[in-house]
2 protein chains.
Amino acid sequence: MQPHSTVQDVTIYTDGGCSPNPGPGGWAAILLFDEKDVAGRRKEKRLKDGVYDSTNNRMELTAALKALEALDGPARVELHTDSRYLANAFNQGWLENWQENGWKTASKKPVKNKDLWQKLLAAAEAHEVEWIWVEGHAGDPLNERVDDMVGQARAEFE
Amino acid sequence: MQPHSTVQDVTIYTDGGCSPNPGPGGWAAILLFDEKDVAGRRKEKRLKDGVYDSTNNRMELTAALKALEALDGPARVELHTDSRYLANAFNQGWLENWQENGWKTASKKPVKNKDLWQKLLAAAEAHEVEWIWVEGHAGDPLNERVDDMVGQARAEFE
RNA sequence: AGACACCCUAUGGA
DNA sequence: TCCATAGGGTGTCT
(Lines give C-alpha, C1' and ligand atoms only; values in the text may rest on other atoms or scores of the structure.)
Protein backbone atom coordinates (compact mmCIF):
# COMPACT_ATOMS: atom_id res chain seq x y z
CA MET A 1 0.00 0.00 0.00
CA GLN A 2 1.18 3.43 -0.80
CA PRO A 3 0.52 6.38 1.44
CA HIS A 4 -1.98 8.74 -0.14
CA SER A 5 -3.21 12.20 0.55
CA THR A 6 -6.52 12.37 2.35
CA VAL A 7 -7.64 14.82 -0.29
CA GLN A 8 -8.96 13.20 -3.42
CA ASP A 9 -9.01 14.71 -6.90
CA VAL A 10 -12.40 14.85 -8.56
CA THR A 11 -13.53 16.15 -11.92
CA ILE A 12 -17.20 17.11 -12.12
CA TYR A 13 -19.39 17.89 -15.10
CA THR A 14 -22.71 19.61 -14.38
CA ASP A 15 -25.66 20.90 -16.36
CA GLY A 16 -29.26 21.92 -15.86
CA GLY A 17 -32.21 23.28 -17.76
CA CYS A 18 -35.95 23.91 -17.99
CA SER A 19 -38.36 23.72 -20.88
CA PRO A 20 -39.93 26.05 -21.11
CA ASN A 21 -38.00 28.39 -18.87
CA PRO A 22 -39.41 28.74 -16.29
CA GLY A 23 -41.07 25.33 -16.18
CA PRO A 24 -40.32 21.65 -15.64
CA GLY A 25 -36.62 21.27 -15.07
CA GLY A 26 -33.80 18.80 -14.70
CA TRP A 27 -30.19 18.73 -13.60
CA ALA A 28 -27.37 16.19 -13.78
CA ALA A 29 -23.79 15.69 -12.69
CA ILE A 30 -21.00 13.25 -13.49
CA LEU A 31 -18.24 12.86 -10.90
CA LEU A 32 -14.97 11.29 -12.03
CA PHE A 33 -12.68 10.14 -9.21
CA ASP A 34 -9.00 9.43 -9.40
CA GLU A 35 -9.45 6.11 -7.66
CA LYS A 36 -9.63 3.09 -9.93
CA ASP A 37 -11.96 0.16 -9.47
CA VAL A 38 -10.80 -3.46 -9.59
CA ALA A 39 -10.93 -3.42 -13.38
CA GLY A 40 -8.62 -0.40 -13.37
CA ARG A 41 -11.32 2.01 -14.53
CA ARG A 42 -11.78 5.44 -13.06
CA LYS A 43 -14.48 5.40 -10.46
CA GLU A 44 -17.50 7.44 -11.37
CA LYS A 45 -20.72 8.66 -9.84
CA ARG A 46 -23.76 9.88 -11.79
CA LEU A 47 -26.57 11.95 -10.31
CA LYS A 48 -29.69 13.41 -11.80
CA ASP A 49 -33.12 14.62 -10.77
CA GLY A 50 -35.86 17.04 -11.75
CA VAL A 51 -38.63 19.26 -10.47
CA TYR A 52 -42.03 20.29 -11.75
CA ASP A 53 -41.30 23.99 -11.85
CA SER A 54 -38.03 25.85 -11.74
CA THR A 55 -35.70 28.07 -13.77
CA ASN A 56 -32.69 27.30 -15.90
CA ASN A 57 -30.36 29.02 -13.48
CA ARG A 58 -31.71 27.23 -10.41
CA MET A 59 -31.13 23.94 -12.19
CA GLU A 60 -27.54 24.88 -13.04
CA LEU A 61 -26.89 25.78 -9.41
CA THR A 62 -28.60 22.67 -8.12
CA ALA A 63 -26.45 20.42 -10.30
CA ALA A 64 -23.29 21.86 -8.76
CA LEU A 65 -24.71 21.77 -5.24
CA LYS A 66 -25.78 18.13 -5.40
CA ALA A 67 -22.48 17.12 -6.92
CA LEU A 68 -20.48 18.75 -4.13
CA GLU A 69 -22.77 17.27 -1.50
CA ALA A 70 -22.15 13.84 -2.99
CA LEU A 71 -18.44 13.97 -2.17
CA ASP A 72 -17.28 11.72 0.64
CA GLY A 73 -14.43 13.74 2.04
CA PRO A 74 -12.42 16.85 1.31
CA ALA A 75 -11.55 17.04 -2.37
CA ARG A 76 -9.72 19.07 -4.97
CA VAL A 77 -12.49 19.63 -7.46
CA GLU A 78 -12.52 20.75 -11.07
CA LEU A 79 -16.14 21.62 -11.66
CA HIS A 80 -17.19 22.20 -15.27
CA THR A 81 -20.27 24.28 -16.00
CA ASP A 82 -21.58 26.10 -19.05
CA SER A 83 -23.24 28.70 -16.86
CA ARG A 84 -21.50 32.06 -16.66
CA TYR A 85 -23.95 32.88 -13.92
CA LEU A 86 -22.46 30.12 -11.78
CA ALA A 87 -18.82 30.40 -12.83
CA ASN A 88 -18.67 34.18 -12.55
CA ALA A 89 -20.30 34.18 -9.13
CA PHE A 90 -17.22 32.38 -7.84
CA ASN A 91 -14.53 33.51 -10.26
CA GLN A 92 -15.45 37.18 -10.63
CA GLY A 93 -16.09 37.80 -6.95
CA TRP A 94 -19.81 38.29 -7.27
CA LEU A 95 -20.48 36.15 -4.23
CA GLU A 96 -18.07 38.12 -2.08
CA ASN A 97 -19.75 41.36 -3.07
CA TRP A 98 -23.19 39.97 -2.38
CA GLN A 99 -22.19 38.82 1.08
CA GLU A 100 -20.69 42.21 1.86
CA ASN A 101 -23.69 44.14 0.48
CA GLY A 102 -26.41 42.15 2.20
CA TRP A 103 -27.23 40.19 -0.94
CA LYS A 104 -27.98 43.14 -3.18
CA THR A 105 -26.99 43.16 -6.84
CA ALA A 106 -24.95 45.95 -8.38
CA SER A 107 -28.26 47.65 -9.20
CA LYS A 108 -29.42 47.43 -5.57
CA LYS A 109 -31.96 44.71 -6.12
CA PRO A 110 -32.15 41.49 -4.13
CA VAL A 111 -29.96 38.70 -5.44
CA LYS A 112 -32.04 35.87 -6.82
CA ASN A 113 -31.63 32.26 -5.68
CA LYS A 114 -29.99 33.34 -2.45
CA ASP A 115 -31.02 30.06 -0.81
CA LEU A 116 -29.08 28.02 -3.33
CA TRP A 117 -26.08 30.35 -3.33
CA GLN A 118 -25.77 30.03 0.43
CA LYS A 119 -25.98 26.25 0.34
CA LEU A 120 -23.45 26.26 -2.47
CA LEU A 121 -21.04 28.38 -0.43
CA ALA A 122 -21.40 26.00 2.48
CA ALA A 123 -20.91 22.95 0.29
CA ALA A 124 -17.88 24.42 -1.47
CA GLU A 125 -16.20 25.44 1.77
CA ALA A 126 -15.11 21.92 2.62
CA HIS A 127 -13.28 21.55 -0.68
CA GLU A 128 -10.85 23.24 -2.99
CA VAL A 129 -13.05 23.98 -5.96
CA GLU A 130 -11.92 25.30 -9.32
CA TRP A 131 -14.90 26.59 -11.27
CA ILE A 132 -14.37 26.05 -14.97
CA TRP A 133 -16.64 27.65 -17.50
CA VAL A 134 -17.07 25.64 -20.71
CA GLU A 135 -18.77 26.92 -23.81
CA GLY A 136 -22.20 25.41 -24.27
CA HIS A 137 -21.61 23.58 -27.51
CA ALA A 138 -17.96 22.75 -27.05
CA GLY A 139 -18.29 19.14 -28.21
CA ASP A 140 -16.83 17.59 -25.04
CA PRO A 141 -18.28 14.04 -24.83
CA LEU A 142 -18.70 14.28 -21.08
CA ASN A 143 -20.71 17.43 -21.44
CA GLU A 144 -22.91 15.82 -24.04
CA ARG A 145 -23.52 12.95 -21.62
CA VAL A 146 -24.56 15.31 -18.86
CA ASP A 147 -26.81 17.13 -21.28
CA ASP A 148 -28.56 13.87 -22.15
CA MET A 149 -29.03 13.08 -18.49
CA VAL A 150 -30.66 16.46 -17.92
CA GLY A 151 -33.15 15.74 -20.70
CA GLN A 152 -33.95 12.37 -19.16
CA ALA A 153 -34.41 13.83 -15.70
CA ARG A 154 -36.59 16.64 -16.96
CA ALA A 155 -38.75 14.29 -19.02
CA GLU A 156 -40.13 12.72 -15.85
CA PHE A 157 -41.59 16.02 -14.70
CA GLU A 158 -43.33 17.28 -17.82
CA MET B 1 -57.03 76.10 -52.02
CA GLN B 2 -58.16 76.27 -48.44
CA PRO B 3 -56.82 78.75 -45.97
CA HIS B 4 -54.61 77.10 -43.43
CA SER B 5 -53.00 78.05 -40.20
CA THR B 6 -49.37 79.01 -40.51
CA VAL B 7 -48.60 76.64 -37.64
CA GLN B 8 -48.38 73.03 -38.63
CA ASP B 9 -48.93 70.01 -36.42
CA VAL B 10 -46.09 67.53 -36.30
CA THR B 11 -45.61 64.29 -34.43
CA ILE B 12 -42.01 63.26 -33.90
CA TYR B 13 -40.51 59.99 -32.73
CA THR B 14 -36.89 60.04 -31.61
CA ASP B 15 -34.34 57.61 -30.28
CA GLY B 16 -30.61 57.27 -29.84
CA GLY B 17 -28.03 54.90 -28.46
CA CYS B 18 -24.43 53.77 -28.27
CA SER B 19 -22.89 50.33 -28.19
CA PRO B 20 -21.10 50.08 -26.03
CA ASN B 21 -21.94 53.12 -23.97
CA PRO B 22 -19.91 55.22 -24.35
CA GLY B 23 -18.86 54.29 -27.88
CA PRO B 24 -20.05 54.37 -31.46
CA GLY B 25 -23.50 55.87 -31.51
CA GLY B 26 -26.53 56.53 -33.66
CA TRP B 27 -29.71 58.56 -33.54
CA ALA B 28 -32.87 58.70 -35.61
CA ALA B 29 -36.12 60.62 -35.91
CA ILE B 30 -39.38 60.21 -37.77
CA LEU B 31 -41.44 63.36 -38.38
CA LEU B 32 -45.11 62.91 -39.28
CA PHE B 33 -46.78 66.01 -40.73
CA ASP B 34 -50.47 66.71 -40.92
CA GLU B 35 -50.20 67.65 -44.58
CA LYS B 36 -51.10 64.92 -47.00
CA ASP B 37 -49.25 64.19 -50.19
CA VAL B 38 -51.01 63.73 -53.55
CA ALA B 39 -51.79 60.13 -52.67
CA GLY B 40 -53.48 61.30 -49.49
CA ARG B 41 -50.78 59.91 -47.24
CA ARG B 42 -49.40 61.78 -44.32
CA LYS B 43 -46.17 63.49 -45.24
CA GLU B 44 -43.18 62.14 -43.44
CA LYS B 45 -39.52 62.90 -42.98
CA ARG B 46 -36.90 60.46 -41.72
CA LEU B 47 -33.53 61.44 -40.38
CA LYS B 48 -30.65 59.44 -39.02
CA ASP B 49 -26.92 59.66 -38.48
CA GLY B 50 -24.15 58.44 -36.24
CA VAL B 51 -20.82 59.28 -34.69
CA TYR B 52 -17.71 57.32 -33.81
CA ASP B 53 -17.81 58.06 -30.12
CA SER B 54 -20.58 59.42 -27.94
CA THR B 55 -22.93 58.56 -25.08
CA ASN B 56 -26.47 57.26 -24.98
CA ASN B 57 -27.75 60.52 -23.56
CA ARG B 58 -26.04 62.69 -26.15
CA MET B 59 -27.55 60.58 -28.87
CA GLU B 60 -31.04 60.95 -27.38
CA LEU B 61 -30.62 64.72 -27.23
CA THR B 62 -29.19 64.88 -30.73
CA ALA B 63 -32.17 63.01 -32.16
CA ALA B 64 -34.55 65.60 -30.75
CA LEU B 65 -32.35 68.50 -31.79
CA LYS B 66 -31.98 67.38 -35.39
CA ALA B 67 -35.69 66.69 -35.64
CA LEU B 68 -36.64 70.18 -34.46
CA GLU B 69 -34.05 71.74 -36.74
CA ALA B 70 -35.60 69.90 -39.67
CA LEU B 71 -38.92 71.73 -39.28
CA ASP B 72 -39.69 74.29 -41.96
CA GLY B 73 -41.75 76.77 -40.00
CA PRO B 74 -43.31 77.21 -36.58
CA ALA B 75 -45.03 74.02 -35.47
CA ARG B 76 -47.05 72.45 -32.71
CA VAL B 77 -44.92 69.42 -31.93
CA GLU B 78 -45.60 66.21 -30.05
CA LEU B 79 -42.13 64.82 -29.51
CA HIS B 80 -41.90 61.23 -28.27
CA THR B 81 -38.81 60.05 -26.42
CA ASP B 82 -38.03 57.17 -24.08
CA SER B 83 -35.42 59.25 -22.28
CA ARG B 84 -36.43 60.54 -18.87
CA TYR B 85 -33.28 62.61 -19.00
CA LEU B 86 -34.64 64.51 -21.98
CA ALA B 87 -38.33 64.59 -21.06
CA ASN B 88 -37.76 65.62 -17.46
CA ALA B 89 -35.38 68.38 -18.42
CA PHE B 90 -38.29 70.11 -20.11
CA ASN B 91 -41.27 68.80 -18.15
CA GLN B 92 -39.85 68.87 -14.61
CA GLY B 93 -38.24 72.27 -14.93
CA TRP B 94 -34.65 71.04 -14.83
CA LEU B 95 -33.65 73.32 -17.66
CA GLU B 96 -35.11 76.38 -15.96
CA ASN B 97 -33.18 75.60 -12.81
CA TRP B 98 -29.95 75.06 -14.69
CA GLN B 99 -30.28 78.38 -16.49
CA GLU B 100 -30.96 80.18 -13.22
CA ASN B 101 -28.08 78.47 -11.41
CA GLY B 102 -25.43 79.01 -14.03
CA TRP B 103 -25.70 75.45 -15.36
CA LYS B 104 -25.06 73.72 -12.06
CA THR B 105 -26.92 70.59 -11.05
CA ALA B 106 -28.78 70.24 -7.78
CA SER B 107 -25.54 68.91 -6.31
CA LYS B 108 -23.59 71.95 -7.55
CA LYS B 109 -21.76 70.14 -10.29
CA PRO B 110 -21.57 71.32 -13.89
CA VAL B 111 -24.45 70.16 -16.05
CA LYS B 112 -23.27 67.72 -18.69
CA ASN B 113 -24.04 68.16 -22.37
CA LYS B 114 -24.62 71.86 -21.88
CA ASP B 115 -23.80 72.47 -25.54
CA LEU B 116 -26.63 70.25 -26.70
CA TRP B 117 -29.09 71.54 -24.12
CA GLN B 118 -28.52 75.09 -25.25
CA LYS B 119 -29.00 74.24 -28.91
CA LEU B 120 -32.10 72.30 -27.95
CA LEU B 121 -33.52 75.28 -26.08
CA ALA B 122 -32.88 77.48 -29.09
CA ALA B 123 -34.41 74.99 -31.48
CA ALA B 124 -37.48 74.45 -29.32
CA GLU B 125 -38.11 78.17 -28.86
CA ALA B 126 -39.58 78.63 -32.31
CA HIS B 127 -42.18 75.95 -31.70
CA GLU B 128 -44.76 74.77 -29.25
CA VAL B 129 -43.27 71.49 -28.13
CA GLU B 130 -44.96 68.90 -25.97
CA TRP B 131 -42.38 66.46 -24.64
CA ILE B 132 -43.90 63.02 -24.30
CA TRP B 133 -42.09 60.29 -22.43
CA VAL B 134 -42.82 56.79 -23.70
CA GLU B 135 -41.77 53.59 -22.04
CA GLY B 136 -38.89 51.95 -23.84
CA HIS B 137 -40.53 48.70 -24.88
CA ALA B 138 -44.05 49.96 -25.35
CA GLY B 139 -44.57 48.11 -28.61
CA ASP B 140 -45.47 51.21 -30.63
CA PRO B 141 -44.60 50.37 -34.26
CA LEU B 142 -43.25 53.85 -34.89
CA ASN B 143 -40.89 53.51 -31.97
CA GLU B 144 -39.71 50.17 -33.26
CA ARG B 145 -39.01 51.80 -36.62
CA VAL B 146 -36.96 54.54 -35.04
CA ASP B 147 -35.12 51.94 -33.03
CA ASP B 148 -34.21 50.07 -36.20
CA MET B 149 -32.98 53.26 -37.80
CA VAL B 150 -30.73 53.94 -34.83
CA GLY B 151 -29.16 50.54 -35.24
CA GLN B 152 -28.56 51.16 -38.94
CA ALA B 153 -27.06 54.56 -38.33
CA ARG B 154 -24.80 53.26 -35.60
CA ALA B 155 -23.63 50.32 -37.69
CA GLU B 156 -21.81 52.66 -40.05
CA PHE B 157 -19.59 53.92 -37.26
CA GLU B 158 -18.50 50.72 -35.58
C1' A C 1 -31.75 56.72 -1.87
C1' G C 2 -34.69 56.88 -6.51
C1' A C 3 -35.62 56.98 -11.85
C1' C C 4 -35.03 56.38 -16.95
C1' A C 5 -32.01 55.12 -20.76
C1' C C 6 -27.82 52.81 -23.10
C1' C C 7 -25.48 48.50 -23.27
C1' C C 8 -22.22 43.81 -22.30
C1' U C 9 -22.20 38.48 -21.08
C1' A C 10 -23.91 33.60 -20.62
C1' U C 11 -27.44 30.05 -20.23
C1' G C 12 -32.32 28.11 -20.87
C1' G C 13 -36.09 27.70 -24.22
C1' A C 14 -40.45 28.62 -28.26
C1' DT D 1 -36.51 35.84 -35.18
C1' DC D 2 -38.63 36.18 -30.37
C1' DC D 3 -38.83 35.59 -24.79
C1' DA D 4 -37.09 34.30 -19.86
C1' DT D 5 -33.42 33.67 -16.20
C1' DA D 6 -29.54 36.00 -14.29
C1' DG D 7 -25.29 38.88 -13.71
C1' DG D 8 -21.94 43.13 -14.78
C1' DG D 9 -21.30 48.18 -16.24
C1' DT D 10 -21.93 53.53 -17.93
C1' DG D 11 -24.70 57.85 -18.96
C1' DT D 12 -27.38 61.40 -16.39
C1' DC D 13 -30.65 63.67 -13.45
C1' DT D 14 -33.53 64.45 -8.78
Side-chain angles (χ1 to χ4, degrees), chain A residues 14-27 53-61 63 81-95 97-98 103-114 116-117 133-138 143 147 150-151 154 158, chain B residues 14-27 53-63 81-95 97-98 101 103-114 116-117 131 133-139 143-144 147-148 150-151 154 158:
Chain A
T14 66
D15 196 16
C18 289
S19 87
N21 178 33
W27 59 267
D53 190 70
S54 191
T55 69
N56 65 325
N57 289 331
R58 285 189 73 82
M59 290 297 94
E60 304 270 15
L61 300 196
T81 175
D82 64 17
S83 166
R84 282 279 196 197
Y85 180 52
L86 172 56
N88 282 353
F90 283 93
N91 292 335
Q92 306 294 320
W94 295 358
L95 274 163
N97 291 339
W98 296 341
W103 294 89
K104 298 283 186 265
T105 68
S107 43
K108 319 291 183 190
K109 294 196 295 198
V111 170
K112 305 281 181 67
N113 307 316
K114 178 179 159 188
L116 286 174
W117 287 120
W133 178 75
V134 292
E135 204 143 4
H137 289 294
N143 265 101
D147 194 68
V150 170
R154 194 179 56 202
E158 282 166 356
Chain B
T14 66
D15 197 13
C18 289
S19 85
N21 178 33
W27 59 266
D53 190 69
S54 191
T55 69
N56 65 324
N57 290 331
R58 284 189 74 81
M59 289 296 94
E60 303 270 14
L61 300 195
T62 301
T81 175
D82 64 17
S83 167
R84 283 280 197 199
Y85 181 54
L86 172 55
N88 283 352
F90 283 92
N91 293 334
Q92 306 295 319
W94 294 359
L95 274 164
N97 293 337
W98 296 340
N101 304 346
W103 294 90
K104 298 284 187 268
T105 68
S107 45
K108 317 290 184 193
K109 296 199 293 198
V111 170
K112 304 279 184 69
N113 307 316
K114 178 180 160 189
L116 286 174
W117 287 119
W131 300 87
W133 178 75
V134 293
E135 204 144 4
H137 288 294
N143 264 100
E144 286 172 25
D147 195 68
D148 284 346
V150 170
R154 193 180 57 202
E158 282 166 355

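Chain letters run A, B, ... following the sequence lines, proteins first, then strands; residues in each count from 1.
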**Prompt:** Taking everything shown except A:Glu158 itself, do over 12 heavy atoms lie less than 6.0 Å from its CD?
**Reply:** yes
**Item:** Nearest-Å distance for atom pair CG/C1', residues B:Asp147 and C:A5
**Value:** 12 Å
**Prompt:** Are OP1 or OP2 of D:dA6 and a side-chain N or O of A:Asn113 less than 4.0 angstrom apart?
**Reply:** yes
**Prompt:** Roughly how many Å is it from CZ in A:Phe90 to C1' in C:A10, rounded to a whole number?
**Reply:** 17 Å
**Item:** Rounded distance in Å - CH2 (A:Trp103) to C1' (D:dA6)
**Value:** 14 Å
**Complete:** Between CG of B:Asn143 and P of C:C4 the distance, given in whole Å, is 16 Å
**Prompt:** Any side-chain N or O of B:Arg154 under 4.0 Å from OP1/OP2 of C:C7?
**Reply:** yes
**Item:** Interatomic distance where CD belongs to B:Glu60 and C1' belongs to D:dT12 [whole Å]
**Value:** 11 Å
**Message:** Closest approach to the side chain of A:Asn21, judged atom by atom: which nucleotide of C:C6, C:U11, C:G12 is it?
**Reply:** C:G12
**Item:** Selection from C:C6, C:G13, D:dT5 that lies nearest to any side-chain heavy atom of A:Asn57
**Value:** D:dT5
**Request:** Choose from D:dG8, D:dT12, D:dA6 the nucleotide whose nearest atom is closest to any side-chain atom of A:Arg58.
**Result:** D:dA6
**Item:** Out of D:dT12, C:C8, C:G13, whichever nucleotide has its closest atom nearest the side chain of B:Ser19
**Value:** C:C8
**Message:** Under a 3.5 Å cutoff, is there a donor and acceptor pairing between the side chains of A:Thr81 and A:Ser83?
**Reply:** no
**Fill in**
Looking only at C:G12, D:dG7, D:dC13, the nucleotide nearest the B:Trp94 side chain is D:dC13
**Prompt:** Base, sugar-phosphate alone, or nothing: which one does B:Gly16 contact when heavy atoms must sit under 4.0 Å apart?
**Reply:** sugar-phosphate
**Item:** Candidates C:C7, C:U11, D:dA4 - which lies nearest the side chain of A:Pro22
**Value:** D:dA4
**Residue pair A:Tyr85 / A:Asn113, side-chain donor-acceptor N/O under 3.5 Å** = yes
**Item:** Main-chain N/O of B:Asp15 paired with B:Asp147 side-chain donor or acceptor, under 3.5 Å
**Value:** no
**Item:** Side chain of A:Lys108 (C-beta onward), nearest among C:U11, C:A5, C:G2
**Value:** C:G2
**Prompt:** Can a side chain N or O of A:Trp98 be found less than 4.0 Å away from OP1 or OP2 on D:dG8?
**Reply:** yes
**Request:** Give the C-alpha distance, both sets of side-chain angles, the deciding distance and a yes or no for side-chain contact (heavy atoms from CB on, under 4.5 Å) between A:Phe90 and A:Leu95.
**Result:** CA-CA 6 Å; A:Phe90 283 93; A:Leu95 274 163; 3.5 Å; yes
**Item:** Whole-Å gap separating C1' (D:dC13) and CG (B:Asn101)
**Value:** 14 Å
**Request:** Mind checking A:Asn88 for me? I need base, sugar-phosphate or nothing, with any heavy atom below 4.0 Å counting as a touch.
**Result:** nothing
**Message:** For B:Tyr85 and A:Ser83, find the nucleotide of RNA chain C closest to each by heavy atoms; which residue's nucleotide sits nearer the 5' end?
**Reply:** B:Tyr85
**Complete:** Rounded to whole Å, the CZ-P distance (A:Arg84 to C:A10) equals 6 Å
**Nearest-Å distance for atom pair NE2/C1', residues B:His137 and C:A5** = 10 Å
**Asked** Looking for any heavy atom pair under 4.0 Å, which part of the strands does B:Gln92 touch: base, sugar-phosphate only, or nothing?
**Response** nothing
**Asked** Under the side-chain contact (heavy atoms from CB on, under 4.5 Å) criterion, do B:Glu135 and B:Asp82 qualify, and how do the steps go?
**Response** CA-CA 6 Å; B:Glu135 204 144 4; B:Asp82 64 17; over 6 Å; no
**Prompt:** OP1 or OP2 of D:dT12 less than 4.0 angstrom from a side-chain nitrogen or oxygen of B:Thr55, does that happen here?
**Reply:** yes
